[in-house]
Amino acid sequence: MTKWLQECDITYGLIIMYKNVYIRTFGCQMNVHDSEKIRGILQEEGYLLTDSPRTADLIIFNTCNIRQKAEQKFYSELGRTKSHKKKRPEIKILVAGCIAQHEGENIFKKASHVDFVFGPQNIHMLKGFLRNNKFFIATEDNPDIAVIDLPVERGDGLKAWVTIIYGCNNYCSYCVVPYTRGPERSRPSEYILSEVINLAYTGYKEITLLGQNVNSYRSNTDFSGLLRKLDTIEGIERIRFVTSHPKDLSDELIDTISDLPKVCEHIHLPLQSGSSNILKLMNRGYTYDDYLEKISSLRKKILNISITSDIIAGFPGETDKDHLLTMNALKEIQFDGIFAFKFSPRQYTRAAGMENQVPENIKSERLKEILRIQDNITERINKSLEGTVHEILVEGESKTDSSKLTGRTRTNKIVNIPKRDSCIGKLINVEIILGRKHSLKGKPV
Ligand code: SF4
């Protein structure tokens, strides 16, 4: 059990009993960071974190509906909490995140043991619920989301997520995000700067700026301007950002990334398909050739940049020829890594109602082929790094091998090194001695 506070405090003869909360997070980094905000609020309200729903007084599901699989998993875990509630009717069950936003009141119909439903734009309402048990549903659009500062309880003292932009205006035809997270709203730069200055003050070395489309950030400065300001903050050694939309990646931004010493040489730039016809159906706003131009500009201006991407297999109307174009794109671009998924129809999105849906077995076959090609490319690139020296930020013990420490290069590759406790939290140079598909092995130099 992780504890923020002592189980019970005795102060001037007063006994304060703390309650336990179990938080289950599904989905992307935005959700992971939202759970850090939920934890921040709960910590202020005196809750302790427990790793089992059985010992919890409060159970929170922070949900994701980007794909059907995550949604099914959530409903089956929610179903299991029914028996806990039957045994202990005083426990509260809360559903947050994108499914909460999407389903709203329907959640109560599907699971009558749920007490409170709140969407990603209404995390601040949690405080009111905890204090009064008053709110039952909070899924309204929240135009103030960018100026509400919530406490954040981060698990790690080295690397921090920092939201710079909420929501999305792009309406890619397969995506639910604009419906669940609302329209794009940039957080004022002074809020972001003050958060990052505080993070530096408390010892954080790396920040990752978060947003569905960070490239379209705009408040009193644009994304390049924001990066320039953040680059001057003493104590912060590395700046990353995710996710970038290819259509908004300007030459000016590429120059800024190349100029600024703290901005890392890695970009996640979702391609989604190598076929311009499919990209059009996806409403992505660029052709395959446009995308190639951005890649060539990135590689020309930023030495040794690593590029990762997202690919969707079996989008409606995708023919064998379109699929072949995607596989050729992987061979041509040579990404450092990709996240690839089968197309999953999502309610309310245009793609869900499109004709020519691709049968499940063909989607699976195509996904397998895509992953096979990319695995070979990633392994080859990682092998080519053997003998080279890279700076890594040592994060701590490896999750898979306690005799090793783990860190990431500026290009976002995981490197495992022999354990030496004195390295944790430091930036050190390592020589890569072995390049594997999913990680690198290194030794300090
Ligand atoms: S850019 Fe497209 S895929 Fe990304 S969140 Fe917005 S709508 Fe979804």
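Keep in mind that what you see is a predicted model, and the values were worked out from it rather than measured.
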key: Q101 versus R181, side-chain donor and acceptor atoms under 3.5 Å   = no
ask   = Thinking salt bridges, do D144 and R185 make one under a 4.0 Å N-O criterion?
value = no
query = In Å, rounded to the nearest 0.5 Å, how long is the span from OH of Y288 to CG of N328?
reply = 8.0 Å
task = Evaluate the criterion salt bridge (Lys or Arg N to Asp or Glu O under 4.0 Å) for residue pair R346 and E71; output intermediate values, then yes/no.
result = CA-CA 10 Å; R346 306 283 65 210; E71 195 167 333; 2.7 Å; yes
Rounded distance [0.5 Å steps], CZ in F315 versus OG1 in T326 = 12.0 Å
query = Would you call E45-K19 a salt bridge at under 4.0 Å N-O?
reply = no
message = Salt bridge or not between R408 and E206? Use side-chain N to carboxylate O under 4.0 Å.
response = no
task = Tell me yes or no: between the side chains of T400 and S398, is some donor less than 3.5 Å from an acceptor?
result = yes
task = Could you tell me whether the side chain of I23 reaches within less than 4.5 Å of the side chain of R39, counting heavy atoms only?
result = yes
ask   = With distance as the sole criterion, is a donor-acceptor pair present between the side chains of T50 and S52 under 3.5 Å?
value = no
ask   = Distance only, no hydrogens: is a donor on one side chain within 3.5 Å (strictly under) of an acceptor on the other, for S76 and Q72?
value = no
message = Less than 4.0 angstrom from a charged side-chain N to a carboxylate O is my criterion; do E77 and R80 meet it?
response = no
task = Could you tell me if the ring centre of F118 sits under 6.0 Å from that of F129?
result = no
ask   = Looking only at atom types and distance, does a side-chain atom of Q68 sit under 3.5 Å from a main-chain N or O of S344, one as donor and one as acceptor?
value = no
query = Do you see a donor-acceptor pair shorter than 3.5 Å between the side chains of N382 and K437?
reply = no
query = Are T256 and S224 close enough that a side-chain donor and a side-chain acceptor fall under 3.5 Å?
reply = yes
query = Looking at R187 and E195, does any basic side-chain N land under 4.0 Å from a carboxylate oxygen?
reply = yes
query = Are the charged groups of K363 and E360 less than 4.0 angstrom apart, N to O?
reply = yes
ask   = Less than 4.0 Å between a side-chain N and a carboxylate O, is that true for D401 and K419?
value = no
ask   = Salt bridge check: are R410 and E265 linked by an N-O gap of less than 4.0 Å?
value = yes
message = Would you say T55 and N20 are linked by a side-chain donor-acceptor pair, where the criterion is simply a distance under 3.5 Å?
response = no
task = Could you tell me how the ring of Y179 sits relative to the ring of Y171: parallel (under 30°), tilted (30 to 60°) or perpendicular (over 60°)?
result = perpendicular
request  = Using a strict 4.0 Å threshold on nitrogen-to-oxygen distance, state whether D255 and K301 make a salt bridge.
outcome  = yes
task = May I ask you to decide whether D259 forms a salt bridge with R228, counting only side-chain N to carboxylate O separations under 4.0 Å?
result = yes
query = Would you say I164 and V214 make side-chain contact, with heavy atoms under 4.5 Å?
reply = yes
task = Using a cut-off of 6.0 Å, state whether more than 12 heavy atoms not belonging to R299 lie near its atom CZ.
result = yes
key: Charged N-O contact under 4.0 Å between E391 and R238   = yes
request  = With the side chain counted from C-beta on, respond yes when V430 and I428 share a heavy-atom pair under 4.5 Å apart, and no when they do not.
outcome  = yes
request  = Answer yes if the side chains of T406 and N416 hold a donor-acceptor pair under 3.5 Å, and no otherwise.
outcome  = yes
query = So, D248 and K294, do they make that salt bridge, N to O below 4.0 Å?
reply = no
task = Please round to the nearest 0.5 Å and tell me the distance separating atom CD1 of I257 and atom CD of E252.
result = 10.5 Å
ask   = Are side-chain N/O atoms of S306 and D336 paired as donor and acceptor at under 3.5 Å?
value = no
Charged N-O contact under 4.0 Å between K404 and E397 = no
ask   = Should the pair H268 and H266 be assigned to parallel (<30°), tilted (30 to 60°) or perpendicular (>60°) ring geometry?
value = tilted
